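First the structure, in the form of structure tokens, and then the observations on it.
Letters A, B, ... mirror the listed sequences (proteins, then strands); counts begin at 1. Everything numeric here is computed off the predicted structure, so don't read it as measured data. Side chains are part of it too, since the values below use all heavy atoms of this structure and drop only hydrogens, waters and symmetry mates.
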Amino acid sequence: MASNSSGSSDRQRVAQQRLRIITGHLQGREDGDSTIIAAECKAEGSQTDVSREEGKTVPRRRQEIMKWNGWGYSDTKFLFNKKGQAEFTGKRYRLSGMIIPALKEWFEGTFGASMQHKSPAAPVLNSGAVQPPTLNEAFLEELKSTGIPFSHDAEDRVFRAHGHCLHEIFALREGKVGRVPDMVVWPNCHDDVVKIVELACKHDVCLIPYGGGTSVSSGLECPPEETRCIVSVDTSQMNRILWIDEKNLTAHVEAGIVGQDLERLLNESGYCTGHEPDSMEFSSLGGWVATRASGMKKNIYGNIEDLVVHVKMVTPQGVIEKSCRGPRMSTGPDIHHFIMGSEGTLGVVTEVTMKIRPMPEYQKYGSVVFPNFEQGVACLREVAKQRCAPASIRLMDNEQFKFGHALKPQVSSMFTSFLDGLKKFYITKFKGFDPDRLCVATLLFEGGREKVLQHEKQVYDIAAKFGGLAAGEDNGQRGYMLTFVIAYLRDLGMEYYVIGESFETSVPWDRVLDICRNVKARVIGECKNKGVQFQPLSTCRVTQTYDTGACVYFYFAFNYRGLSDPVHVYEQVERAAREEILANGGSLSHHHGVGKLRKEWMRETISNVGMGMLQSVKDYVDPKNIFGNRNLL
Amino acid sequence: MSNTYRVSCGAGLENEEEFVDILEERRRSSDLGHALRTFSPHPYKGAESCSNADLNKAVLESQYLRYMAKEIAAETGSSLEEVREEACGILEEMSQNLQLKCIRLLGFTMTKVLKRLYSSIFVNMEGLNMLQQSIEEHPVILMPNHRSYMDFLIISYIMFTYDIPMPFIAAGIPLAGMKLVGELLRRSGAFFIRRAIGSDKLYWAVLSEYVRTIVKTGIAPLEFYVEGLRSRTLKSVMPKLGMMHMVMEPFFKGEVYDITLIPISISYDRVLEESLLAQELLGIPKLKESTTGLLKASKVLQEDYGSMHVNFGRPMSVRHLCEGKINRCQYNLVPRDLPQKPSAEVQACVSWLAHLMVRVQEEGSVMGPWALMACLLLQAPTRVLTEEGLPWQELTDKTLWLRKLALDFGARLNWPSGQGQAPDTDVMSSTVALHGSVVNRKAGRVFLVQEEEPARNRPISPEEEMISTAAAVLMLASYRNMSLHIFVRPALLATALHITKTTQKDELLAFFCFLRDVFSNEFIFIPGNSSQDFEEACSLLKKCGAVHVSEQEVTVSDAGLEVLSFLQALLQPFIDSYQVIFRYLCENEVHVHAEKQFLTAVRNLATELILSGELHTYEALSSDTHKNVLSALQRLDTVTKLRASEQNEYTVNKAAVRRIDDILSGKIPPQMLHTTPEAKL
């Protein structure tokens with residue numbers, strides 16, 4: 001925890017409290033101390049009874065703590081209780097156990113959904129729906145002799161056959177299962193992976209690396225045309241911090257560790273990576289590397305490509321890695337860039353050396369209300385121009401601002417009543433803000449206390465030039481909390497005929513407003529064309545700022561009552577939205593990756609020659625297509 | 001309701017539309033009350049409130065203009081300051097200054113004038129309602145056709161009356177030069193564009209940025225004439241693409257989600273300028289627009305001009321229209337604020353769209369009995385019209401026959417049928433009465449009205465007499481032109497059937513395409529649509545029973561001769577006129593033709609031929625036709641404009657012209673003109 005010897009002012013107390021809160025919403029419920037686990041590689045044998053390891057979130061049998069057909073922990077979900085009030089169950093999050101009074105009205109009003117019209121999921125997985133595994137006996141025999149745990153249990157296999165794209169979850173809820181891996185293996189360390197890959201090459205088995213399972217690019221889907229035995233390589237048990245180098249501020253970590261464990265374990269030693277993608281509770285280090293992930297606090301810590309110092313990846317041709325840990329090299333094209341973004345097509349990332357930083361002394365949330373989205377974007381652009389972006393700065397549009405409000409819990413000791421406060425604002429000082437146009441930016445400052453306060457002032461001064469008004473810490477904090485619970489909301493929607501998803505892009509500054517307007521309008525237009533009976537929710541936020549542009553995140557959801565094939569409609573709209581993004585100068589992806597979902601646009605994105613380069617790398621590294629998930633190319 | 005009526009378009013009741021006479025209300029209530037009405041339109045929802053000064057400032061400070069100013073300063077060697085000042089001056093000369101007070105004043109005056117001139121102004125309310133909704137959704141472009149000065153403010157007048165945001169209107173700069181009137185127009189939303197901009201880079205830059213800014217910000221609907229100028233022949237004019245480009249660019253570049261185009265067809269029973277038009281076409285120069293001229297013209301206010309139709313077309317989404325035609329990614333790699341030469345794809349799309357708008361305007365225009373009667377009158381020998389007169393009965397019988405054909409072809413016909421109380425002959429009688437300036441009816445016969453010259457001492461020379469007849473014929477031709485778009489495609493096919501004497505569909509198609517190519521400055525066709533046009537021609541002729549169409553053949557039915565000979569005769573004046581010019585170009589010794597001399601020489605030749613009785617059509621005297629031939633030949637690469645020439649000089653590939661002439665006369669089979677290599681024999 002943040003320790004500070006220079007006095008004990010109120011502000012510091014508050015700061016420490018904030019830190020506890022933030023770690024709190026990331027922390028699992030495990031009691032007792034967790035320690036850094038011994039570094040040597042120790043295979044545990046193949047017993048299926050996996051007892052919970054100390055301090056680790058992800059067991060081999062994920063279904064023990066996580067939903068098989070939805071997002072996140074089994075004990076945590078939104079529901080409408082008997083009184084018709086929305087409630088968030090479980091104890092893991094700050095919102096857990098709370099009533100959210102405004103959600104129902106927002107939900108019904110926004111989507112035209114009704115409590116009377118439910119679309120419940122199939123309650124349990126029917127193993128009969130799962131194809132029996134195609135096993136490669138020779139591979140299986142040799143694998144057994146290595147002692148690496150594996151399973152061909154239907155639940156285990158189904159769990160690793162999907163990410164969290166809408167169509168994937170929708171199918172599971174309907175109890176539909178397509179091609180799934182034929183078995184799952186749990187390597188415990190780098191050497192285990194080497195053995196698995198060797199055997200796979202020897203026996204021509206298809207391998208699909210599996211990290212946190214949070215893919216939203218159809219990256220984990222098994223190619224239906226694959227006839228070989230498909231083995232899912234679940235890296236979740238490779239989850240140790242192997243060493244911390246305090247002189248150079250690096251940590252060497254096994255790639256299967258999930259974000260929240262990595263952060264928590266480092267915090268115990270007073271460090272952090274500062275890499276916080278929205279999926280960090282479940283996504284893994286190896287997954288970040290393989291998809292070129294981006295973290296919310298990249299303004300201070302950088303994106304994954306800035307954080308990685310050294311990577312080890314096991315490929316069919318052997319292990320690829322650099323020979324030293326120099327901070328920069330001029331040795332031809334950086335081989336890390338063949339690894340980062342390879343999306344499991346070349347090998348398994350097993351170990352990563354990454355930068356660490358001392359934990360920040362002080363953290364402070366903040367928020368700014370702007371009269372409209374245009375002013376908000378102009379402010380973010382100015383902040384980027386002056387290179388004074390806080391750890392995180394995000395701008396939500398009006399729809400998302402209202403959505404955020406709908407999620408305000410009943411007991412609001414922590415959450416000051418923003419809207420009420422704001423109403424007062426209107427009447428008094430800030431008349432002229434149109435509630436249907438205003439938008440809010442959420443901020444997170446981090447660093448030394450003095451510097452944070454100085455920085456905060458600088459940012460608020462800029463905001464003021466664009467008509468922005470400081471709107472308090474709680475609004476900021478709630479904005480970030482929403483990030484973690486929003487994925488659970490989709491499951492609630494799906495109980496009531498509402499489906500949706502998010503997608504993202506990066507775009508030059510001068511295009512930001514245009515792309516936001518056009519993509520939102522396109523989504524609404526396409527929904528109408530495709531026969532969607534209700535007005536969809538089409539909203540966006542600017543989530544990252546760069547020198548030359550920004551990352552924009554869209555949410556889109558609609559009520560599908562009356563449609564015979566809602567997923568198909570959904571996919572058509574999403575596709576149209578992606579075309580609109582590309583036509584407006586946006587990138588194919590900022591951090592979600594390509595997978596199979598966005599493959600069709602790769603050629604126009606990186607040119608013919610670019611495709612040829614990537615293909616030739618693939619052909620050399622993996623001529624037999626052992627890593628056959630068919631992502632990217 | 002007495003003030004509404006339906007226009008029948010094509011056969012069948014389902015196609016009828018309701019038009020409302022907006023003058024009816026004005027006649028019943030106070031003009032002042034109308035002028036002072038509360039005006040609270042619903043603007044475009046994405047528009048920022050923005051004053052005219054803000055708009056101008058945004059234009060001058062735009063990245064684009066700054067870049068261009070720098071570039072021009074570097075090219076011309078003048079200082080950046082000077083260039084920017086010049087830009088400022090251009091903008092000042094150009095920009096509108098819309099003010100509601102002025103609209104009210106204008107509204108008041110216009111009510112007075114309109115009531116005097118017109119018996120009614122019919123507006124389709126459904127179109128107006130759709131427009132009202134569109135304006136809130138996306139930036140809107142109003143695209144009327146242009147047949148009369150009256151077009152200029154009528155849209156604004158209607159918008160004011162129905163609480164729709166006032167448009168900014170692109171106008172020619174001569175209007176700005178009129179004392180008081182210019183300023184009044186400016187304050188009514190007009191902005192002024194110079195006629196010959198040529199290669200004035202700075203002017204283009206200011207104009208295009210001004211237009212784009214209006215569209216991007218959506219502060220007001222933009223109104224412009226895609227035809228570029230007022231049609232002197234009442235026939236559609238080949239669309240101009242410059243303005244269309246500027247308007248479309250914000251969509252191509254993603255600066256707006258969509259743009260809505262509203263085609264508007266304004267049709268007149270009788271146009272104010274009818275006699276001026278004919279004079280202009282005969283080379284009697286156009287009077288410069290001036291306020292005193294306008295006052296002098298006030299005698300036109302004494303006459304009756306029948307009714308006017310303003311048909312607001314269905315809103316058209318640019319996004320929808322351009323789907324699959326434009327790859328918007330082409331703007332990804334260069335800042336959108338920098339000048340970029342439009343790609344071939346963009347040019348083709350803009351041109352297609354501009355032509356399409358003209359076609360839609362044509363389809364929306366409403367024609368009265370007079371357009372049909374003019375067709376028929378022109379098919380009688382001119383001598384009959386001037387000397388013995390055409391029997392009234394013959395004319396009315398034929399007109400009724402033609403009405404049926406026009407309806408078969410899908411015309412929107414304004415043929416009052418006032419609850420059966422006005423028999424068709426009454427309608428035709430009153431039509432002829434309305435057009436007393438062109439024809440008169442005496443003793444059961446119809447005669448062409450010849451201009452009454454002031455008392456003169458010497459006898460009238462044959463040339464003078466011919467000019468006077470020509471003026472009347474050209475007036476008549478203009479009214480005929482109002483119906484041409486209905487007949488032109490079947491008429492091309494009828495001509496193809498007549499000249500080729502074949503029934504083979506592929507040969508007919510080839511000849512059809514040839515005719516379409518040669519005459520596409522005369523009649524407006526959508527580029528690349530030739531086979532659709534051909535199919536349309538076949539199906540219309542089939543529909544009226546004139547031909548049988550099979551997989552390979554088009555054969556004339558016995559009953560079809562009347563239709564086909566009418567249609568062929570409809571085009572004959574154009575073919576004759578073109579051939580006169582072709583022959584002039586082939587036989588002349590001159591190698592380089594200056595445009596001015598060319599026009600005079602061709603007119604002289606035509607005069608000579610008419611007087612000698614070799615040429616029967618007075619339309620060969622029309623300078624509009626002469627110019628069209630020149631443009632057509634340029635388009636067909638047989639005439640080349642000399643680059644260096646200041647006075648528009650041309651060289652002619654005589655062999656190529658002769659070949660076109662030979663094909664047109666049926667001497668040699670057609671070949672695809674565009675693919676002909678420039679064989680200089």
Pair A/D436 + A/K402: basic N to acidic O under 4.0 Å:
yes
What part of B/F252 gets within 4.5 angstrom of chain A, counting heavy atoms only: side chain, backbone, both, or neither?
neither
Would a distance-only check, ignoring hydrogens and angles, find a side-chain to backbone donor-acceptor pair under 3.5 Å from B/R336 to A/D510?
yes
Quick one: which of A/G585, A/G586, A/A521, A/G525 has the most heavy-atom pairs under 4.5 Å with chain B, could you say?
A/A521
Who among A/E374, A/E604, A/K520, A/R517 has the most heavy-atom pairs with chain B under 4.5 Å?
A/R517
Check: B/R319 side chain, B/Y257 main-chain N or O, donor-acceptor pair, under 3.5 Å
yes
Test item: B/R328 side-chain N/O and B/F251 main-chain N/O as donor-acceptor pair under 3.5 Å
no
